[in-house]
Amino acid sequence: MSRYSAAEIEAKWQAAWDTSGTFRAAHRPGQKKYYVLEMFPYPSGRIHMGHVRNYTMGDVVARYKKARGFNVLHPMGWDAFGMPAENAAMQSGGHPAQWTRANIAEMKAQMRPMGWSLDWSREFATCDEDYYGQQQALFLDMLEAGLVYRKAAVVNWDPVDMTVLANEQVIDGKGWRSGAEVERRELVQWFFRISDYSEELLSALDGLEDWPAKVRLMQANWIGKSRGLQMGFALTAPLAGHETIEVYTTRPDTLMGASFLGISPDHPLARALEGDRADVAAFCAQARHGATTAEALETGEKLGFDTGLRVAHPLKPGETLPVWIANFILVDYGTGAIFGCPAHDQRDFEFASKYGLPIPPVFVAEGTDEAPLREAYVPPKEQPVRYIRGFAGEAVQTGEAAVAAAIAECEKRGIGKGVTRFRLRDWGLSRQRYWGCPIPVVHCPACGVVAEKKENLPVRLPDDVTFDQPGNPLDRHPTWKHCTCPDCGGAARRETDTMDTFVDSSWYYARFTSPHAEVPVAQDEAAYWMNVDQYIGGIEHAILHLLYSRFFARAMIRTGHLPATCAEPFAALFTQGMVTHEIYRTRDAQGRPVYHFPEDVADGRLKATGEAVEVVPSAKMSKSKKNVVDPVNIVAQYGADTARWFVLSDSPPERDVEWTASGAEAAHRHLARVWRLADEAAQAGDGTGPGDADLIRAMHRTIEDVTLGIESFGFNAAIARLYAFTGTLAKSDAGGAARKAALRTLAQLMAPMTPHLAEEIWHLLGGLGLVAEAPWPVADAAMLARDEVTLPIQVNGKRRGEITVPRDLGTTDIEALVLADDAVQRALAGAAPKKLIVVPGRIVNVVV
RNA sequence: GCCGGUGUGGCGGAAUGGUAGACGCAGCGGAUUCAAAAUCCGCCGGGGCAACCCCCCGUAAGAGUUCGAGUCUCUUCACCGGCACCA
């Protein structure tokens with residue numbers, strides 16, 4: 001009799017899997033494949049519980065699918081480019097490559113003891129020359145296909161990271177990583193033409209049935225499709241080459257309610273006026289400044305400036321509207337100009353009220369008459385309203401119908417055309433950083449922008465760079481950027497921008513199918529392994545990473561790098577919840593919060609001083625709050641199986657799970673109990689016992705439930721069933737043979753979650769080979785059916801008793817038994833039941 | 001503001017329209033032990049009752065559909081997430 005020793009068991013079985021190459025994926029054309037992928041990590045140097053949960057979920061799927069006979073691909077790599085490596089170099093010297101490589105080594109050393117069934121032979125880092133070189137090849141092909149272009153653009157400039165950010169990387173006006181207030185600058189930048197795919201990226205969402213509806217909705221909102229009318233308003237007096245002002249509207253049905261025309265301070269006409277008139281320039285400067293401050297955004301005050309210009313109303317001959325410059329109009333949405341319809345748009349209403357402009361209603365609620373408005377009347381588009389200033393369609397119609405009618409009418413009259421617009425903008429990928437994939441082009445004074453030749457790839461990052469000053473080290477490198485033009489051979493300058501790191505993660509899933517290929521993706525491998533059957537990661541990537549990847553897959557199809565079937569690279573997506581922990585806080589002499597690590601706290605007091613701590617409700621583990629538990633410590637204390645078991649139990653995978661010391665303790669206690677049961681069974685004989693049939697029946701029930709649980713991502717429910725079965729096993733008076741069979745099955749069912757313990761038990765009780773390679777147990781349908789069923793008896797829908805009857809007893813017989821039941825007799829009190837409902841095999845309800 | 005989601009014991013959470021609270025944590029009682037650790041067994045939503053018989057209440061609140069509602073419909077409230085001068 002010995003004790004459960006995770007440390008011994010886990011090292012042993014990890015070595016066994018390695019030796020037998022259990023998790024090495026090989027292309028086997030005859031076998032059905034299954035590709036499981038978890039979002040690869042940034043090599044920060046430490047794994048955290050979030051990684052443990054994410055990768056354990058993927059591992060459960062991978063191991064389960066393998067047992068079900070699939071040829072499983074379950075790779076791992078590193079999202080290795082990016083700012084933190086450069087920041088580290090700036091702060092403490094050293095080189096980003098060195099820092100990154102060391103982190104990868106350290107993190108891998110923490111990951112391997114977790115026992116995840118990863119094919120490490122496919123490992124790569126995005127900072128490998130091999131990887132980014134192929135990425136450059138992809139880029140060149142995309143450039144040739146017209147999917148990449150350069151333009152001058154007002155960009156979001158992060159003054160702390162000294163780099164450009166994509167719109168998506170600006171959160172509340174601040175850089176997503178640095179948190180610094182973002183500035184606007186005009187720079188020539190590289191862009192991916194993701195907007196070419198707006199319609200397709202939107203409509204294809206419908207086909208992603210195994211994605212969370214939430215994620216699909218978030219992407220649809222992000223793409224932001226709208227249907228409207230684009231039309232020109234003619235200036236009464238042309239100015240600086242402007243004869244008309246183009247306006248986009250989604251509510252052309254409200255055209256008769258227009259009371260002014262508004263343009264953005266950045267609109268070309270405003271800029272033209274700015275040059276001539278100091279008052280306009282002053283206003284525009286104020287409006288631009290105001291729009292970026294947090295205060296202006298919160299108060300949302302509408303500022304306007306009447307230019308004195310006027311435009312003709314296209315539907316009202318002889319009538320004109322004033323042209324205002326307004327701070328709330330965005331230059332880069334629509335045409336940067338609007339017509340204001342204050343009666344039916346709250347912003348326009350506020351604006352018109354402030355500046356005394358008319359507010360004529362276009363429609364009123366059915367059954368009401370025109371009356372002065374105190375706020376804009378904006379009913380849902382599908383609600384019918386009565387048009388009092390309509391010009392197309394019925395007098396009473398829905399907004400939707402009116403918009404369609406208005407577009408048709410305007411097109412007929414030649415005063416505009418229906419257009420579809422998207423909020424999604426092109427993806428700016430230029431970054432003025434060192435630690436990223438160099439953009440493989442050359443600027444030649446004679447030939448212009450020239451693509452690097454593929455045989456010259458990769459364009460390597462130079463090693464000898466310094467980080468002692470802000471800005472782009474590539475740009476100030478003494479020699480790197482000086483090169484010859486691939487076309488004319490003359491002196492030229494290399495592009496010093498590198499790619500946004502989201503590019504790296506937009507195709508890594510495809511590279512895993514052929515990580516060492518001489519081309520970005522080997523077609524036969526991609527054809528076999530793609531698409532990812534199950535992708536697992538955090539909800540925080542719902543928009544950016546997933547949208548970019550969907551675009552990249554399409555771009556790779558267009559450039560011949562992926563088969564046409566790979567447009568949606570992630571067939572199923574699962575977004576897992578976070579790992580949270582209570583926060584322990586005390587206050588220092590100044591009343592500032594001081595946080596404490598969980599291991600320094602016991603029974604609500606600091607171990608060191610005995611001072612009582614304040615317990616703040618659970619939140620995402622974060623270093624700054626010190627509410628973190630290091631997986632390395634947990635593995636050292638309890639073993640990987642305990643950590644794996646615990647992060648899967650307690651909460652449904654999509655929800656947050658709270659890490660508690662007592663929960664981890666309980667998980668470990670349970671695994672030790674299972675081990676003990678196996679150890680006892682191993683020493684028992686092979687005899688029979690009175691509980692054999694019951695135990696085997698319970699075993700089949702458990703196989704069924706656990707299988708369904710895993711299939712449906714109900715890992716917590718599967719684990720609950722395993723707990724229950726362990727309890728049954730412990731109490732069972734079955735003989736040795738049945739106990740051993742039950743425990744071998746238990747080992748198999750636990751193997752996806754606690755693979756090391758499972759191997760140990762499997763081996764101990766005479767299982768053949770590795771449990772990791774054994775086929776999944778199948779529940780015997782005959783064993784699931786009971787000979788007798790217990791039917792609850794309800795009286796008026798409330799449970800009052802139960803009867804146990806043979807499974808196939810007829811309804812009339814059941815009715816007779818029910819009416820004879822004591823509780824029913826009591827409820828009836830001599831009267832006859834109004835109704836008797838028998839749901840065979842389920843329940844009986846007596847209505848009195 | 002708009003869109004979406006979630007509300008179940010002290011806590012995390014179970015429950016194809018069919019016995020609400022599986023399983024785990026915490027708590028309580030007991031066995032074992034000289035004692036402890038470890039382990040094992042039992043109890044564990046609220047109220048009534050001498051009572052583990054039984055009765056009443058109970059899944060955020062209110063209404064509805066149904067023989068039967070945590071589950072479906074409507075209204076309200078709270079919390080969480082996403083988007084947000086997007087014309």
Side-chain angles (χ1 to χ4, degrees), chain A residues 3 172 212-222 224-226 228-229 247-252 254 262 264 291 296-297 300-302 326-330 332-341 344-348 350-351 378 380 421-423 425 539-540 542-543 580 618 645-646 649-652 654-667 669-670 672-673 676 705 708 714 716-727 730-731 790-802 822-823 826 833-839 841-848:
Chain A
R3 292 174 74 104
D172 291 336
K214 179 190 173 103
V215 173
R216 291 186 302 181
L217 186 73
M218 283 164 70
Q219 291 216 355
N221 289 341
W222 190 262
K225 182 179 181 174
S226 69
L229 180 77
V247 160
Y248 172 71
T249 176
T250 56
R251 290 309 296 262
T254 64
S264 162
L297 280 173
E301 194 186 352
K302 308 283 180 281
N327 67 338
F328 65 91
I329 301 168
L330 304 173
D332 48 5
Y333 186 79
T335 61
I338 61 155
F339 74 75
C341 177
H344 304 295
D345 182 292
Q346 189 58 32
R347 292 159 302 175
D348 296 348
E350 286 170 31
F351 190 80
V378 191
R421 284 194 178 271
F422 295 91
R423 205 184 75 111
R425 263 34 91 61
I539 187 76
E540 66 272 22
I543 298 173
T580 66
S618 223
W645 183 262
F646 182 63
S649 62
D650 275 21
S651 284
E654 67 276 13
R655 262 191 254 178
D656 293 351
V657 66
E658 181 177 17
W659 184 278
T660 60
S662 57
E665 194 70 51
R669 206 158 51 220
H670 176 73
R673 184 189 198 201
R676 211 164 42 241
D705 291 348
L708 290 175
N716 59 323
I719 283 178
R721 295 296 306 132
L722 290 166
Y723 266 110
F725 182 55
T726 305
K731 292 189 185 76
T790 299
L791 299 178
I793 299 171
Q794 292 182 336
V795 175
N796 291 338
K798 287 190 192 335
R799 185 181 179 281
R800 283 294 178 268
E802 59 181 37
D822 284 350
R826 229 180 4 252
K834 277 196 194 139
K835 207 167 176 183
L836 194 54
I837 292 140
V838 177
V839 185
R842 303 288 311 182
I843 203 163
V844 181
N845 193 9
V846 184
V847 186
V848 299

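Just so we're on the same page: letters track the sequence lines, and every chain starts at 1.
Atom CD1 of A:I793 and atom P of B:G68 are 18 Å apart (whole Å). Note: CG (A:D656) to P (B:G12) measures 12 Å, nearest angstrom. Summarising the geometry, the separation between NZ on A:K302 and P on B:C86 is reported as 9 Å, rounded to the nearest angstrom. Look at CZ on A:R800: it is 14 Å from P on B:C53, rounded to the nearest Å. Per the geometry, CZ belonging to A:F646 stands 9 Å off C1' belonging to B:G12, to the nearest Å. Protein atom OH of A:Y333 is 17 Å distant from nucleotide atom P of B:C83, rounded to whole Å. A straight line from CZ of A:R673 to P of B:C40 spans 5 Å, rounded to a whole angstrom. Going from atom CG of A:D650 over to atom P of B:A14 covers 10 Å, rounded to whole Å.
Of the candidates B:G82, B:C3, B:G13, B:G13 carries the atom nearest the A:S651 side chain, counting heavy atoms from C-beta on. Side-chain atoms of A:K731 lie closest to B:G42 of the nucleotides B:C86, B:G42, B:G13. In this structure, of B:A84, B:G4, B:G18, it is B:G18 that holds the atom nearest to the side chain of A:N845. Side-chain proximity of A:R423 to B:A87, B:C86, B:A14: nearest is B:C86. Here the nucleotide nearest the side chain of A:R799, chosen from B:A20, B:C40, B:C57, is B:A20.
For the C1' atom pair drawn from B:A20 and B:G13, the interatomic distance equals 13 Å after rounding to whole Å. Atom name C1', nucleotides B:C2 and B:C56: the rounded distance is 45 Å, in whole Å. For B:C53 and B:C43, the P atoms lie 13 Å apart once the distance is rounded to whole Å. Going from the P atom of B:U71 to that of B:U8 covers 13 Å, rounded to whole Å. B:G48 sits 37 Å from B:A38 when the P atoms are compared, rounded to a whole Å. B:A60 and B:G9 have their C1' atoms separated by 15 Å, given to the nearest Å. Taking atom P on both nucleotides, B:C41 is separated from B:G46 by 24 Å, rounded to a whole Å. If you take atom P in B:C44 and the same atom in B:G81, they sit 38 Å apart, rounded to whole Å.
Counting only heavy atoms from C-beta outward, the side chains of A:N716 and A:S651 never approach each other to under 4.5 Å. For the pair A:V847/A:L836, no side-chain contact is recorded, criterion being any heavy-atom separation below 4.5 Å from C-beta on. Contact check for A:R800 versus A:V846: no side-chain heavy atoms found under the 4.5 Å cut-off. For the pair A:F351/A:D345, no side-chain contact is recorded, criterion being any heavy-atom separation below 4.5 Å from C-beta on. Side-chain contact between A:E350 and A:Q346: present, with at least one pair of heavy atoms (C-beta onward) separated by less than 4.5 Å. In this structure, the side chains of A:F328 and A:D348 come closer than 4.5 Å at one or more pairs of heavy atoms.
Looking at heavy-atom distances under 4.0 Å, A:N716 makes contact with sugar-phosphate atoms alone, never a base. Using a 4.0 Å heavy-atom cutoff across all strands shown, A:Q794 reaches at least one base atom of the nucleic acid. Residue-level contact check: A:K834 touches neither bases nor backbone, having no heavy atom under 4.0 Å from any strand. When heavy atoms are screened at a 4.0 angstrom cut-off, A:A666 is found touching the sugar-phosphate backbone but no base atom. Within 4.0 Å (heavy atoms only), A:Y723 reaches sugar-phosphate atoms of the nucleic acid but no base atom. Across all strands, A:S649 comes closer than 4.0 Å to no nucleic acid atom at all (heavy-atom distances). Using a 4.0 Å heavy-atom cutoff across all strands shown, A:K225 reaches no nucleic acid atom at all.
Using Watson-Crick or G-U wobble geometry with both donor-acceptor distances under 3.5 Å, B:G1 finds its partner in B:C83. B:C77 and B:G7 make up a base pair, with Watson-Crick or G-U wobble contacts both under 3.5 Å. Of the nucleotides present, none pairs with B:C53 by Watson-Crick or G-U wobble criteria with both distances under 3.5 Å. Figure legend. B:G21 is base-paired to no nucleotide; pairs are counted as Watson-Crick or G-U wobble with both atom distances under 3.5 Å. In a base pair of the Watson-Crick type (N1 to N3 plus N6-O4 or O6-N4) or a G-U wobble (N1-O2 and O6-N3), with each distance short of 3.5 Å, B:C40 is matched with B:G30. Under the Watson-Crick or G-U wobble criterion, with both distances below 3.5 Å, B:U59 has no partner in any strand shown.
For A:R721 and B:A22, a side-chain-to-base donor-acceptor distance below 3.5 Å is absent, hydrogens and geometry of angles not being considered. One donor-acceptor pair, N or O on each side, does fall under 3.5 Å between the base of B:U16 and the side chain of A:R842.
Of the possible donor and acceptor atoms, one in the side chain of A:S264 sits under 3.5 Å from a partner among the backbone N and O of A:I329.
Projected onto RNA chain B by closest heavy-atom contact, A:A724 and A:V847 fall at different nucleotides, the more 5' of which corresponds to A:A724. Checking A:F328 against A:G797, the closest nucleotide of RNA chain B that is more toward the 5' end is the one next to A:G797.
A donor-acceptor contact under 3.5 angstrom links the side chains of A:Y248 and A:S226, judged on distance only.
For A:R669, a side-chain nitrogen or oxygen approaches OP1 or OP2 of B:C25 to under 4.0 Å. Residue A:K835 places at least one side-chain N or O closer than 4.0 Å to OP1 or OP2 of B:C67.
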